[in-house]
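This report refers to the structure that appears directly beneath it.
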Amino acid sequence: MKKFKHLVIGGIQHKIFNVVLLTAVLIVAAFSLITFYQYRQLAKLSEDTNGRQQEAIRGISEETMQTVIREGLQSETSLQASIADEMFNDVQNQVDVLADSAEALLSSPEAHDAYPVYPPRAQDAGKTMPQLVWEEGVDPSETRISARVELLGNMVPQMITMWDNVDHLNTCLVALPEGVLIMVDNCPEVKVREDGSVTNIPVRYRPWYTGAAGSRKMYFSDIEKDTFSDRIGIVCSRPVYIDGKLAAVVGADLFLDELEKAIEDSVKPGRFSVILNQDGHVIISPVTDGVFKVQTSVFAKDLRLSSEKELAAYVTDTLNGEADVRLATIGGKEYYLSGAAIPTTGWAVLSVVDREQSEESVQAMLQEHSAIQTEAALTYRASMSNSQKTLILLLSLIVFVVISNAWILGRRIVHPLEAMTKQVGGLSSENRQFLMEDTYRTGDEVEALAECFADISAKTIQYVEEVKRVTGEKERIGAELSMATNIQESQLPHIFPPYPERKEFDLFASMTPAREVGGDFYDFFLVDPNHLCMVIADVSGKGIPAALFMMISRIMIKTRIQSGETPGEALEHVNQQLLEGNEAGMFVTVWLAVFDIRTGDGLAVNAGHEHPALRRSGGDYELVKYRHSPAVAAIEDIPFRQHSFHMNPGDSLFVYTDGVPEATDRENVLFGTDRMLAALNRRSDAAPKETLEDVMDGILDFTEDAEQFDDITMLCFSYYGPEGKRS
């Protein structure tokens, strides 16, 4: 043994020192190894957890985003198409009214006075007035031409009323085969040359004239620039034939400024909408290059024949009425496509959304999540490295403190990490939240790491809750629409037979809405013990607005009839009431009749509705055609023409809305009145309920799985006479 100052080398004190030192070194080494192992395990667990969270977020986000895009995009596109179709349908109905008036005048010219129409004058600028223009080489003063012009001049007040009440109209037109044209607008000055002469217009060569005359039916021209301005529009025209010869072409020039502006307003980052015509040409578009660029009719390309096969197939399906939301590759990029048909013109609205830009929010969230995880991992590693260095330094300087406190320090570091590892490992799809516990509140990097886990967990749960909230909102809207459907169904008579004690007649009616709620309605009620009132009507438009307008119209009509008014008087009052505050421009076509059960005599009004079908006893159903009155809420202060009719015992009456003849198959072919009559006459002597079932079976067999675009409403009435139905 050697003594060195107070330390004995090789003695018990030295050995104890060596044992303690060795023990301390071993403890430190063991503790360091354990800590390093726990650190590696926690880092691996953190990386695994981060990967699982990212995959879960990606899956939920992409699924939710696609659902929102598909449903929201389809709804928005359908709404755009519905608004456009309503505008075109409104103009079509107005042109129908004008054409009926022209036909009435030309069929009985001797019954009408002359109403002269003069050429335009520059000093009348800004005045709404009729103007007479003609082709080059035509003499409008020729007796035969001037007589026909003065006869059709009787339509001028009606044309002025139409021009004043329809905001998007440019001009009302009546053209004669002789090459003269009666126009109503407020810009006569543009039709006059500087020398005061009238500008000649090639009337019989304009597309709207040749198209209507050639098709012999209602015709919508392609988009053109107005002859006298640069505004774009289309012309809705209809030919008038007298004794099989073309007598006139009636039309209305419709500006599309609002539709063009709506398409421009649809442009958002990564998305836009376009309008396609029936030939697959892009006619309105906010983009200036690529396949969706608008080109003149000479250079316009039919997108149904595009080299982009997926786009061509989708455009074809959309124009055929088979629109949905699809993912298509165009120019090497993926786009969501959503289309909706415009039935009145045969056009379609097509919305295009860049998939990559639509999913940027998901990618941004994943990047932010990854950045948070990376920052947390780096912070943790840096903190652990500093802690290890500090620990080694302290152990080197004060071995005694390390030895005496090694176990306490080890427990303090390892225990919260183990608890954290256990809680993180227990996270699942049912339990996604990482909660802070007192065990983690160590005041060092362990607590910082736990707070990072808690923050990431809270943000993940918040995002999932937001997804649930959006889903719940959709379910709430669906529930409200279902309630609206139930309310609407409960308002219509639905108990059959409605009057089992009455043996003089039998009656059955049905309504099949195209959406959750419809704009059609039927009604029947006994005004008194001897008079039965029957109503069937079709409100313009679809959805909730049409349903509300329907309920108001039904209540008003029933109230008027029950107060003792005739059908014509009732509709005159209802017409004025519905026009008050009718800013939406909605109207309703109505067939209304009051039938005397004792005598078989009836009084009916047809306000722009379909022709009824009548079956005489032992015969077949045939359409009863006669001149209609305009639709209710379409024109102010008009009388409604009443028609009397008589039914013998054994006769049956069938009335319906336009959803029956206008039901279409997958090729967009109409069911039509001929097929309807064939279905009625399948069992012509059947009871009303079986008759309606035959018609509906005929519609379903014809349309197969094609989507129903309009409400289908029918009513059948069989009269058996005062003695009642014979056995």
Side-chain angles (χ1 to χ4, degrees), residues 51 54-81 84 223 259-260 262-342 346-371:
Q54 282 193 331
E55 289 300 321
I57 292 173
R58 182 188 299 275
I60 295 174
S61 300
E62 289 182 350
E63 181 180 352
T64 304
M65 185 65 68
Q66 288 184 8
T67 301
V68 170
I69 287 175
R70 290 179 182 276
E71 297 184 0
L73 187 60
Q74 185 67 56
S75 176
E76 179 181 343
T77 307
S78 298
L79 179 60
Q80 289 176 335
I223 289 183
L259 186 58
E260 188 175 37
I263 293 300
E264 291 291 342
D265 292 343
S266 72
V267 178
K268 298 176 183 177
R271 64 184 298 175
F272 59 89
S273 297
V274 299
I275 300 292
L276 307 176
N277 69 4
Q278 68 276 8
D279 297 321
H281 298 165
V282 178
I283 55 177
I284 300 179
S285 172
V287 300
T288 57
D289 57 9
V291 296
F292 296 110
K293 174 184 177 181
V294 176
Q295 295 183 324
T296 60
S297 58
V298 177
F299 301 102
K301 296 180 179 179
D302 187 347
L303 293 187
R304 296 173 296 182
L305 305 177
S306 172
S307 58
E308 302 285 357
K309 300 302 183 182
E310 294 178 345
L311 172 63
Y314 187 79
V315 170
T316 301
D317 291 345
T318 298
L319 292 176
N320 290 334
E322 301 174 3
D324 55 4
V325 177
R326 297 184 197 170
L327 193 62
T329 301
I330 305 174
K333 293 186 66 176
E334 288 188 325
Y335 295 88
Y336 287 105
L337 300 180
S338 174
I342 305 176
W347 299 355
V349 177
L350 182 65
S351 295
V352 184
V353 178
D354 188 325
R355 180 182 182 181
E356 182 178 348
Q357 291 193 29
S358 69
E359 296 178 355
E360 283 183 352
S361 59
V362 177
Q363 298 300 328
M365 183 183 64
L366 291 173
Q367 291 175 1
E368 182 180 357
H369 177 268
S370 179

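Every heavy atom of this structure was used, including side-chain atoms; hydrogens, water molecules and symmetry mates were not.
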Self-check item: Taking every non-hydrogen atom, the tightest pair across Thr329 and Glu308
Solution: O-OE1, 3.3 Å

Quiz item: Once you round to the nearest 0.5 Å, how far does CG of Leu319 lie from CG of Asp302?
Solution: 8.0 Å

Practice problem: Check Gly321 against Ala341 and note the closest heavy-atom contact, atom names and distance. | Solution: CA-CB, 4.5 Å

Quiz prompt | From Leu311 atom CG to Ile330 atom CD1, the distance as rounded to the nearest 0.5 Å | solution = 4.5 Å

Practice problem: Kindly indicate whether the side chain of Ser351, heavy atoms from C-beta on, has any atom under 4.5 Å from the side chain of Val274. | Solution: no

Self-check item: pair Val294-Ile283: side-chain heavy atoms closer than 4.5 Å
Solution: no

Exercise. Measure the spacing between CD1 of Ile342 and CD of Gln278 and express it to the nearest 0.5 Å.
Key: 10.5 Å

Self-check item: Any side-chain heavy-atom pair of Leu276 and Val282 under 4.5 Å
Solution: yes

Self-check item: Interatomic distance, Arg304 atom CZ to Thr316 atom OG1 [nearest 0.5 angstrom]
Solution: 6.5 Å

Practice problem: Kindly give the heavy-atom pair with the smallest separation between Ala328 and Glu310, and that separation in Å. | Solution: CA-OE1, 3.1 Å

Quiz item: Is Tyr314 reaching over with its side chain to a backbone N or O of Leu350, donor-acceptor style, under 3.5 angstrom?
Solution: no

Quiz item: Ignoring hydrogens and geometry, is there a side-chain-to-backbone donor-acceptor pair from Asp279 to His281 under 3.5 Å?
Solution: no

Quiz item: When rounded to the nearest 0.5 angstrom, what is the spacing between OG1 in Thr288 and NZ in Lys293?
Solution: 7.0 Å

Quiz prompt | Between OG on residue Ser285 and CZ on residue Phe272, distance to nearest 0.5 Å | solution = 6.0 Å

Exercise. Could you check Val353, Val352, Val325, Thr318 and say which one makes a side-chain contact (heavy atoms from CB on, under 4.5 Å) with Ser338?
Key: Val325

